[in-house]
Number of protein chains: 2
Amino acid sequence: MISKACKYGIRATIFVASKQEEGIKLNIKDIAREVDAPEAFTAKILQVLNKNRIITSLKGPYGGFYIEDYQLEQPVINIVNAIDGMSVFQECGLGLKQCSATHPCPMHDQYKIARDALLDAFQNTTIGQLAEQVNEGGSYIKNLHY
Amino acid sequence: MISKACKYGIRATIFVASKQEEGIKLNIKDIAREVDAPEAFTAKILQVLNKNRIITSLKGPYGGFYIEDYQLEQPVINIVNAIDGMSVFQECGLGLKQCSATHPCPMHDQYKIARDALLDAFQNTTIGQLAEQVNEGGSYIKNLHY
DNA sequence: TTCATAAAGGATAATTTTATCCTTTATGAA
DNA sequence: TTCATAAAGGATAAAATTATCCTTTATGAA
Ligand code: FES
Ligand code: FES
């Protein structure tokens with residue numbers, strides 16, 4: 001569906017966003033631990049998220065990752081786009097090189113419905129909304145301990 | 001979304017199904033060529049589809065792959081299940097180890113809608129229906145030549 | 001200015017997925 | 001029975017994804 005890297009990236013971003021009000025900066029170690037993701041890999045991902053202005057980072061002591069107000073308004077699809085690109089939302093469900101209504105695969109109609117629902121989910125949800133949900137305690141970005 | 005292997009498998013199965021009425025058996029070479037898939041890899045995939053009774057094969061001269069009547073009635077999800085398993089339809093969209101309504105990730109509700117639409121698409125479409133569409137000329141399992 | 005700190009960046013490794021090649025087994029016609 | 005044929009199976013290889021480690025760069029406090 002979407003890559004592991006992308007999922008780590010979304011969870012990490014939500015975590016950073018959820019701490020925005022506290023005005024603190026978070027370091028990779030804490031972020032990775034909080035979202036159950038491998039530390040070094042998460043570092044790479046946060047790097048590209050920073051480059052794509054999904055989150056902001058500052059080097060050095062008292063540095064770390066944080067999110068700015070305007071960044072909270074970004075739809076989650078921006079994260080997906082930064083890491084995986086937009087192809088999931090455009091690809092043919094049966095792997096034809098081009099998804100098109102004029103040369104459709106036999107599952108085109110049904111598949112497109114699902115794919116568009118996915119697009120809709122990522123497009124019409126902002127990072128801020130997700131962070132808020134987490135802060136309200138109704139949902140989680142960390143696995144249940146088992 | 002679903003693996004390349006799975007997509008090759010679905011296209012190959014549809015092709016075999018679309019030739020059922022002709023009562024002929026198809027060999028790997030022809031199938032792979034028709035669906036634009038690598039031959040040896042396709043062979044491996046057809047092997048597991050045969051083991052899972054999605055299609056039927058016969059060795060030796062005059063042998064090949066074909067599909068039986070009852071197999072045309074199978075939903076496409078059976079192919080996905082045979083090759084990729086059912087996890088796409090159950091996994092958390094943000095990568096939590098468990099997708100659950102009681103410990104949901106913040107995208108659970110939106111994501112579940114898309115995931116269920118996908119499930120629906122694969123569950124409520126049979127191999128026979130897809131083959132029929134192809135035979136009627138309204139859709140394709142081969143790439144447009146470019 | 002020095003120094004400890006934290007992200008950025010580069011190199012590399014491990015794993016998974018995709019892909020190829022070659023040998024073995026089954027099948028049926030001659 | 002022999003023989004050519006086609007799938008099954010086993011062993012590898014190539015590519016992509018996931019993951020780790022180490023060095024470099026930026027930053028700000030002391
Ligand atoms: S052509 Fe296959 S999904 Fe559109
Ligand atoms: S918990 Fe994430 S999709 Fe259900």
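Owing to the predicted nature of the structure, the values given are computational and were not obtained by experimental measurement.
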**Request:** Using the rule that two of Ile, Leu, Val, Met, Phe, Trp, Tyr join whenever any of their side-chain heavy atoms come within less than 4.5 Å, decide whether A:I141 and A:L72 are in one cluster.
**Result:** yes
**Asked** Under 3.5 Å, is there a donor-acceptor pair linking the side chains of A:Q110 and B:D120?
**Response** no
**Prompt:** Short question: side chain of B:Q129, backbone of B:T126 - any donor-acceptor pair under 3.5 Å?
**Reply:** yes
**Request:** Just do the side-chain contact (heavy atoms from CB on, under 4.5 Å) check on A:Q98 and B:N143 with the steps written out, would you?
**Result:** CA-CA 8 Å; A:Q98 271 273 64; B:N143 287 300; 5.9 Å; no
**Asked** With distance as the sole test, does A:D36 use its side chain to make a donor-acceptor pair with the main-chain N or O of A:K142 at under 3.5 Å?
**Response** no
**Fill in**
Contacted region of DNA chain D by chain B, from 5' end to 3' end of the hits, cut-off under 4.0 Å to heavy atoms, spans D:dA4 to D:dA11
**Request:** Applying side chain to side chain contact (heavy atoms under 4.5 Å, CB included) between A:I31 and each of A:I45, A:I55, A:L26, report the one that passes.
**Result:** A:L26
**Item:** Same apolar cluster (I L V M F W Y, side chains within < 4.5 Å links), A:V16/A:L130
**Value:** yes
**Request:** Keeping the roles fixed (side chain from B:R115, backbone from B:E91), state whether a donor-acceptor pair exists under 3.5 Å.
**Result:** yes
**Fill in**
The correct set of residues in residues 47-67 of chain B placing a heavy atom under 4.0 Å from DNA chain C is B:L58, B:K59, B:G60, B:P61, B:Y62
**Message:** Please find the pair of heavy atoms, one from B:L49 and one from B:A82, that lie closest to each other, and give the distance.
**Reply:** CD2-CB, 4.3 Å
**Prompt:** Does A:M1 share a hydrophobic cluster with B:I113, counting links as ILVMFWY side-chain heavy atoms below 4.5 Å and allowing steps through other members?
**Reply:** no
**Message:** Quick check against the 3.5 Å criterion: does B:N27 have a side-chain atom that pairs as donor or acceptor with the backbone of B:G64?
**Reply:** no
**Prompt:** Given A:L94 and B:I14, is the side-chain contact (heavy atoms from CB on, under 4.5 Å) satisfied, shown in steps?
**Reply:** CA-CA 11 Å; A:L94 299 192; B:I14 295 173; 3.9 Å; yes
**Item:** Pair B:L118-A:L118, side-chain contact (heavy atoms from CB on, under 4.5 Å): steps then yes or no
**Value:** CA-CA 9 Å; B:L118 194 71; A:L118 194 71; over 6 Å; no
**Prompt:** Backbone N or O of B:S3 within a donor-acceptor pair of the B:D84 side chain at under 3.5 Å?
**Reply:** yes
**Request:** Examine distances only and state if a side-chain atom of B:N81 and a backbone atom of B:I77 form a donor-acceptor pair shorter than 3.5 Å.
**Result:** no
**Message:** Determine whether a donor-acceptor pair (N or O, by modelled atom type, separation under 3.5 Å) exists between the side chain of A:Q71 and the backbone of A:E68.
**Reply:** yes
**Request:** Please give the angle, rounded to 10 degrees, between the axes at the start and the end of the helix from C:dT1-D:dA30 to C:dA30-D:dT1, where five pairs define each axis.
**Result:** 0°
**Fill in**
Expected list for residues 18-33 of chain B near DNA chain C, using heavy atoms below 4.0 Å, is none
**Asked** Distance-only, no hydrogens or angles: does the B:N78 side chain make a donor-acceptor pair with backbone N or O of B:Q74 under 3.5 Å?
**Response** no
**Contact list for DNA chain C against residues 88-95 of chain B - heavy-atom distance below 4.0 Å** = none
Kindly give the atom pairs (protein nitrogen or oxygen, nucleotide nitrogen or oxygen) under 3.5 Å for nucleotides 16-19 of chain C.
from: C:dT18; atom 1: OP1; to: B:K4; atom 2: N; distance (Å): 3.1
from: C:dA19; atom 1: OP1; to: B:K4; atom 2: NZ; distance (Å): 3.3
from: C:dA19; atom 1: OP1; to: B:Y8; atom 2: OH; distance (Å): 3.4
from: C:dA19; atom 1: OP2; to: B:Y8; atom 2: OH; distance (Å): 3.1

